[in-house]
Amino acid sequence: ALKLVNKIIPGNKEKNNKFISAIKKQQFSSDLTRTPMALTLMAIMYSDDSIDLEELPANVTELFSKFSDYYLDKWDASKGLSSQYKYEQVKNIMGFIAYWMHSQYITEISAEDLYGLLRNIRETHPFDELNDITSYIQKLKERNTLLCYDSHKDVFYFAGVAFQEYFTSIYYDDSNETELLQYAYNDWWQNVMVFYNGRSPRRTVFVKKLIDHPIPQDGKSLYNHMHLLSKCMQAAHLIPNGVAKEGIRNIIIT
């Protein structure tokens, strides 16, 4: 982590030293410093002269959200308020794509399969962005940022599995989070649940469901339960103290 930061912030010794000191003092969430993608994004953000250490996001979800906002042009002032409407559509479309890929346990999707997926999404949801799917896919190829395109293999993939996990979490909300809970002890889905809880850090519903969820009585599942519950509670860092204590008790008893 220290070597990485030195490479990303080489020109400002004062900023470099502050950032490294914050890592050593565990000032940031351990999830940030142990995740190369998150640490890289945070260091890039901090390398901006206008960003102070205190302004860096407090959790992984907020960090990925800020970078997704940037790459999806949420804050492009030249586009006015209409860009917000478009941004929400694009973000949710990315969520559908990520969810489908994650549910298939894959990290690449062919252009042909993506076309069929977007056509199905357009039939069930009123996304104006998908009125011309061929043109939309062409835009994705040209933009080549969060959802990248490999012209040799003719496939799309997210810029790191972490972004696929983040956008998969966007697919879920109050109406379908029970489906997400069924993957509670599946390693492939753990980060999706952490991102999901980080999106609404005051919300207690999913944490309470996880506390009450039946745990398979085998060593790995017991460990996964403790690990997942603690990470979800860290992500949902504004839940009431009473719920946090209930979660801690559950971890100890488990």
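The shown structure was predicted, so the numbers you read here are calculated from the model rather than taken from an experiment.
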> With sequence neighbours excluded, what pairs up with N16 under the side chain to side chain donor-acceptor pair (under 3.5 Å) test?
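If we apply the side chain to side chain donor-acceptor pair (under 3.5 Å) test to N16, skipping adjacent residues, the hits are N6.
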> Consider only side-chain N and O atoms of Y105 and N186, and report whether a donor and an acceptor are under 3.5 Å apart.
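Yes, side-chain donor-acceptor contact under 3.5 Å.
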> Kindly determine whether L147 and F167 satisfy side chain to side chain contact (heavy atoms under 4.5 Å, CB included), including the steps that lead there.
CA-CA 11 Å; L147 189 62; F167 280 106; over 6 Å; no
> For D132, what residues pass the side chain to side chain donor-acceptor pair (under 3.5 Å) criterion, not counting sequence neighbours?
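With sequence neighbours excluded, D132 shows a side chain to side chain donor-acceptor pair (under 3.5 Å) to S135, given in chain and number order.
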> For Y157, which residues count as a side chain to side chain donor-acceptor pair (under 3.5 Å) partner, sequence neighbours excluded?
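Expected list: none.
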> Tell me every residue that passes salt bridge (charged side-chain N to carboxylate O under 4.0 Å, His left out) with K13, counting only those two or more places apart in sequence or in another chain.
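Partners of K13 by the salt bridge (charged side-chain N to carboxylate O under 4.0 Å, His left out) criterion come out as none, since no residue qualifies.
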> Under a single-linkage definition using a 4.5 Å side-chain heavy-atom cutoff for Ile, Leu, Val, Met, Phe, Trp and Tyr, are Y196 and V205 assigned to the same hydrophobic cluster?
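No, because Y196 and V205 fall into different hydrophobic clusters, even though each may have its own neighbours under 4.5 Å.
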> Would you give the length of the straight line joining atom NZ of K91 to atom CD1 of I170, rounded to the nearest 0.5 angstrom?
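The NZ atom of K91 sits 5.5 Å away from the CD1 atom of I170.
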> Measure the CG-CG distance between L118 and L130 for me, rounded to the nearest 0.5 Å.
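Answer rounded to 0.5 Å: 5.5 Å.
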> Rounded to the nearest 0.5 Å, how far does CD of Q190 lie from CG of L228?
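Rounded to the nearest 0.5 Å, the CG-CD separation comes to 5.0 Å.
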> Using 30° and 60° as the class boundaries, would you call the ring planes of F156 and Y149 parallel, tilted or perpendicular?
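Answer is tilted, since the angle falls between 30° and 60°.
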> With a 3.5 Å distance limit and no angle check, can you tell me whether N131 reaches the backbone of D128 through a side-chain donor-acceptor pair?
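A pair under 3.5 Å: yes.
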> I'd like to know if R199 pairs up with D173 as an ion pair, taking the criterion as any Lys NZ or Arg NE/NH1/NH2 lying under 4.0 Å from an Asp or Glu carboxylate oxygen.
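Answer for the salt bridge query: no.
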> Output yes when a side-chain donor or acceptor of R122 lies under 3.5 Å from a complementary backbone atom of F127, and no otherwise.
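Yes; judged by distance alone, with no hydrogens or angles, the pair exists.
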> Kindly state each residue pair satisfying salt bridge (Lys or Arg N to Asp or Glu O under 4.0 Å) with at least one member in residues 105-115, sequence neighbours excluded.
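Listed by first then second residue: E108-K153.
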> Between the main-chain N or O of T61 and the side-chain N or O of S65, is there a donor-acceptor pair closer than 3.5 Å?
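The answer is no, because no donor-acceptor pair under 3.5 Å joins these two groups.
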> When you measure from the side chain of K15 to the backbone N and O of Y46, does any donor-acceptor pair fall under 3.5 Å?
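Such a contact is found between K15 side chain and Y46 backbone.
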> Look at atom NZ of K18 and say whether more than 12 heavy atoms of other residues, nucleotides or ligands are closer to it than 6.0 Å.
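Check fails, neighbour count at 12 or below.
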> Please verify the inter-ring angle class for F64 with F195; under 30° counts as parallel, over 60° as perpendicular, anything in between as tilted.
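Perpendicular: the ring planes of F64 and F195 meet at over 60°.
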> Are the side chain of N191 and the backbone of E165 linked by a donor-acceptor contact shorter than 3.5 Å?
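No; judged by distance alone, with no hydrogens or angles, the pair does not exist.
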> Determine, using the 4.5 Å side-chain heavy-atom cutoff (strictly less than), whether L210 and L238 are members of one ILVMFWY cluster.
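Different clusters: L210 never reaches L238 through Ile, Leu, Val, Met, Phe, Trp or Tyr contacts under 4.5 Å.
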> Between E246 and R249, does at least one N-O distance fall below 4.0 Å, as a salt bridge requires?
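Judged by the 4.0 Å cut-off on N to carboxylate O distance, E246 and R249 do not form a salt bridge.
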> Minimum heavy-atom separation for Y185 to S221, with atom names?
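Distance-wise, the nearest heavy atoms are CD2-O, 4.1 Å.
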> Quick check: do V192 and Q164 have side-chain heavy atoms less than 4.5 Å from each other?
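A side-chain contact under 4.5 Å is absent here.
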> Excluding sequence neighbours, so at least two apart, what forms side-chain contact (heavy atoms from CB on, under 4.5 Å) with D212?
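Expected list: none.
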> Kindly compute the distance separating CD1 (I121) from CD1 (I97), expressed to the nearest 0.5 Å.
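Separation between the atoms: 6.0 Å.
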> Can you see which heavy atom on A235 is nearest to which on P201, and at what distance?
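Scanning both residues, the minimum pair turns out to be O-CB, 3.9 Å.
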> Verify the cluster assignment for M193 and V161: are they in a single hydrophobic cluster under the rule of side-chain heavy atoms below 4.5 Å apart?
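In one cluster with M193: V161, no.
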> Might you point out which heavy atoms bring S68 and Y166 nearest each other, and give the distance in Å?
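Result for this residue pair: OG-CE2, 3.4 Å.
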> Nearest heavy-atom pair of T204 and P240: which atoms, and what distance?
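Looking at all heavy atoms of both residues, the closest pair is CG2-CD, 3.3 Å.
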> Is there a path of hydrophobic side-chain contacts, each under 4.5 Å between heavy atoms of I, L, V, M, F, W or Y residues, that connects V243 with I248?
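Yes, it is one cluster - the side chains of V243 and I248 are joined through contacts under 4.5 Å.
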> Hey, what's the ring geometry for W189 with H102, parallel, tilted or perpendicular (30° and 60° as the breaks)?
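Aromatic pair W189/H102 classed perpendicular.
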> Of all heavy-atom pairs between R203 and A236, which one has the smallest distance, and what is that distance?
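Between these two residues, the closest heavy atoms are O-CB, 4.3 Å.
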> Apply ring-ring contact (aromatic ring centres under 6.0 Å, His included) to F96 and H125, showing your working.
CA-CA 11 Å; F96 274 96; H125 292 78; 4.7 Å; yes
> Membership question, hydrophobic clusters at under 4.5 Å side-chain separation (ILVMFWY): are V155 and F163 in the same one?
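In one cluster: no.
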> Within a radius of less than 6.0 Å around CD of E14, do more than 12 heavy atoms belonging to other residues, nucleotides or ligands occur?
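No, because the 6.0 Å sphere around CD of E14 holds 12 heavy atoms or fewer from other groups.
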> Step by step, would you call L39 with F19 a side chain to side chain contact (heavy atoms under 4.5 Å, CB included)?
CA-CA 11 Å; L39 184 62; F19 194 89; 4.0 Å; yes
> Please evaluate residues M101 and T168 with respect to the criterion side chain to side chain contact (heavy atoms under 4.5 Å, CB included), reporting the C-alpha separation (whole Å), side-chain torsions for both, the decisive distance (0.1 Å), and the verdict.
CA-CA 9 Å; M101 292 171 64; T168 301; over 6 Å; no
> How far does CE of M233 sit from CD1 of I239, to the nearest 0.5 angstrom?
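One gets 5.0 Å once the value is rounded to the nearest 0.5 Å.
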> For the CZ atom of F158 and the CD1 atom of I109, what is their distance to the nearest 0.5 Å?
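With rounding to 0.5 Å, CZ (F158) is 9.0 Å from CD1 (I109).
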